[in-house]
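These numbers come from a predicted model, not from an experiment. Below, all heavy atoms of this structure are taken into account, side chains as well, without hydrogens, waters or symmetry copies.
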Amino acid sequence: MTDARPPGADEAAFIAAVRSGDAARFALITERHRRELQVHCYRMLANYEDAQDLTQETFLRAWHKRESFRGDATLRTWLYRIATNACLDFLDKRNDRTPVPFELPDPGSEVPHLQPYPDRMLPEDPQESAVARETIELAFIVAVQHLPPRQRAVFILRDVLGWPASQAADALGLTVASVTSALQRARVTMRRRLPGRRLDWRSPATHELSDDERGVVKSYIDAHERNDLDGLMSLLRDDLRFAMMPDPGTLVMTAEEAVDGWVSGGLFQSGHDDWRCVTTTLNRMPAAVLYLRAPDDPEYRLFAVAVLHVVDGKIAELTGFDATGRPWLGLPPTLSVVADVTAE
């Protein structure tokens with residue numbers, strides 16, 4: 001998202017709201033940017049709930065700093081600057097959000113605060129706020145967590161949003177030289193974490209699921225609901241990468257080992273074998289929302305979310321998120337026995 005247009009009607013309306021002290025008008029104008037700012041905070045923090053909180057913090061800071069807006073930059077640029085620094089302040093205060101050590105055997109799994117992002121909350125305007133799959137997929141979000149916070153901010157502002165070095169430097173209170181240096185280091189890390197993937201995040205990219213992905217998630221749900229272990233096994237690659245958040249660690253296993261592990265953990269056995277599943281998309285990836293009904297319970301209850309990375313018609317990565325006992329991501333906490341729901 002470049003921001004090369006000169007300040008216009010949006011900025012004039014904002015300045016008028018500030019001068020008149022019209023809080024309702026101020027909120028109406030800034031609210032238009034909520035979804036894209038929330039995605040920005042999510043890339044910085046890898047946590048959907050934190051991104052919601054920090055977006056709200058951005059609007060509070062914007063209100064308190066409203067007199068500082070002069071229209072020299074666009075309103076969007078000004079809000080992104082506030083959001084970025086709000087995220088950096090948050091990260092500075094949280095000892096549990098230090099960058100993931102690159103030297104870990106499989107550091108991609110060592111982000112216990114990782115949460116998926118519901119596609120329905122992505123920006124709606126495809127011209128101004130398009131979110132490419134490559135910059136919202138879980139692998140990308142996790143890779144960004146390897147970067148120190150300010151290096152992370154530089155990388156996102158420069159290579160994802162497409163800001164000029166001078167604009168990023170001004171937003172972060174850095175010199176252009178330090179921004180350039182930070183970006184170079186960040187690109188090295190991202191290349192190592194995402195081998196074979198492009199680093200020009202501003203170029204056209206995919207948005208929609210492929211037919212393969214849609215077919216695999218449908219088959220995964222069908223096998224789950226029928227407790228068809230052979231069917232599940234046939235959908236998994238024999239070098240499956242599996243993680244169950246918030247537990248640390250990504251395991252690489254065969255399809256048989258994966259299914260055997262789920263069964264030994266109690267799934268698909270009596271009391272854990274009455275499933276209803278809902279298809280959805282999270283981080284622009286196919287996902288299944290799993291509901292489980294206990295014996296004598298009149299409803300299916302939210303149990304877990306499985307985000308799938310499909311390669312050549314099979315599941316290469318399965319990242320599960322425990323959702324037991326709490327409403328999450330705006331998903332229904334329960335389904336009735338006769339429910340036929342799609343979360344898309």
Side-chain angles (χ1 to χ4, degrees), residues 1-94 97 113 115 117-131 135-136 149-150 152-153 156-157 160-164 166-174 326-331:
M1 179 210 72
T2 56
D3 197 1
R5 68 181 181 85
D10 206 26
E11 289 71 34
F14 183 81
I15 291 172
V18 168
R19 288 174 177 170
S20 65
D22 188 342
R25 182 64 176 161
F26 175 97
L28 182 64
I29 295 169
T30 54
E31 183 66 24
R32 300 169 190 165
H33 303 280
R34 177 180 293 274
R35 289 196 176 192
E36 59 183 301
L37 290 171
Q38 191 164 291
V39 171
H40 178 59
C41 293
Y42 176 71
R43 289 192 183 106
M44 287 287 296
L45 306 175
N47 184 282
Y48 176 65
E49 292 167 351
D50 290 341
Q52 290 180 303
D53 292 343
L54 267 294
T55 303
Q56 194 59 37
E57 171 67 16
T58 296
F59 290 145
L60 290 174
R61 291 189 182 196
W63 173 251
H64 290 307
K65 296 179 178 180
R66 61 191 183 278
E67 298 291 347
S68 69
F69 183 76
R70 297 288 182 267
D72 299 329
T74 64
L75 176 60
R76 175 184 281 115
T77 297
W78 188 69
L79 290 172
Y80 266 95
R81 176 188 299 185
I82 294 172
T84 302
N85 284 287
C87 289
L88 290 174
D89 290 344
F90 173 85
L91 291 169
D92 283 344
K93 294 174 183 176
R94 294 291 296 266
R97 299 301 176 87
H113 57 274
Q115 292 181 349
Y117 198 98
D119 282 17
R120 62 182 178 77
M121 294 304 297
L122 292 171
E124 295 175 324
D125 187 335
Q127 297 301 317
E128 295 186 355
S129 311
V131 178
T135 68
I136 196 69
R150 279 159 183 75
R152 187 183 312 173
I156 293 171
L157 292 177
V160 177
L161 300 182
W163 285 25
S166 58
Q167 194 173 339
D170 184 55
L172 298 171
L174 301 172
R326 63 188 181 110
W328 202 37
L329 305 177
L331 296 167

What distance do [X] atom [atom1] and [Y] atom [atom2] have between them, rounded to the nearest 0.5 Å?
X	Y	atom1	atom2	value
R76	R32	CZ	CZ	11.0 Å
M121	Q38	CE	CD	5.0 Å
D50	T55	CG	OG1	10.5 Å
W163	L157	CH2	CG	5.0 Å
R81	R61	CZ	CZ	13.5 Å
I82	H64	CD1	NE2	11.0 Å

Inset, instruction - Give the C-alpha distance, both sets of side-chain angles, the deciding distance and a yes or no for side-chain contact (heavy atoms from CB on, under 4.5 Å) between H40 and V160. - result: CA-CA 10 Å; H40 178 59; V160 177; over 6 Å; no
For the residue pair [X] and [Y], establish whether any side-chain heavy-atom pair is separated by less than 4.5 Å.
X	Y	answer
T30	W63	no
Y42	Q52	no
D72	W78	no

Inset, instruction - Please work out which of the three classes, parallel, tilted or perpendicular, describes the rings of Y48 and Y117, given edges at 30° and 60°. - result: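 Rings of Y117 and Y48: perpendicular, as their planes differ by over 60°.
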Nearest heavy-atom pair of [X] and [Y]: which atoms, and what distance?
X	Y	answer
A83	C41	CB-SG, 4.2 Å
A86	T58	CB-OG1, 4.3 Å
N85	A171	ND2-O, 3.0 Å
G330	R120	CA-NH2, 3.0 Å

Inset, instruction - For side-chain contact (heavy atoms from CB on, under 4.5 Å), just list the numbers for E57 and F90, CA-CA rounded to whole Å, side-chain angles, deciding distance to a tenth of an Å, and then say yes or no. - result: CA-CA 10 Å; E57 171 67 16; F90 173 85; over 6 Å; no
Legend entry - Verdict with supporting geometry, E11 and T74, side-chain contact (heavy atoms from CB on, under 4.5 Å): CA-CA 6 Å; E11 289 71 34; T74 64; 3.6 Å; yes
Inset, instruction - Run through L172, L88, L91, T84 and flag the one making a side chain to side chain contact (heavy atoms under 4.5 Å, CB included) with R150. - result: L88
Inset, instruction - Let me know which of V39, L54, I156 forms a side chain to side chain contact (heavy atoms under 4.5 Å, CB included) with M44. - result: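 Running side chain to side chain contact (heavy atoms under 4.5 Å, CB included) over V39, L54, I156 with M44 returns exactly one hit, I156.
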Legend entry - Residue pair H33, Y80: steps toward the side-chain contact (heavy atoms from CB on, under 4.5 Å) verdict: CA-CA 9 Å; H33 303 280; Y80 266 95; over 6 Å; no
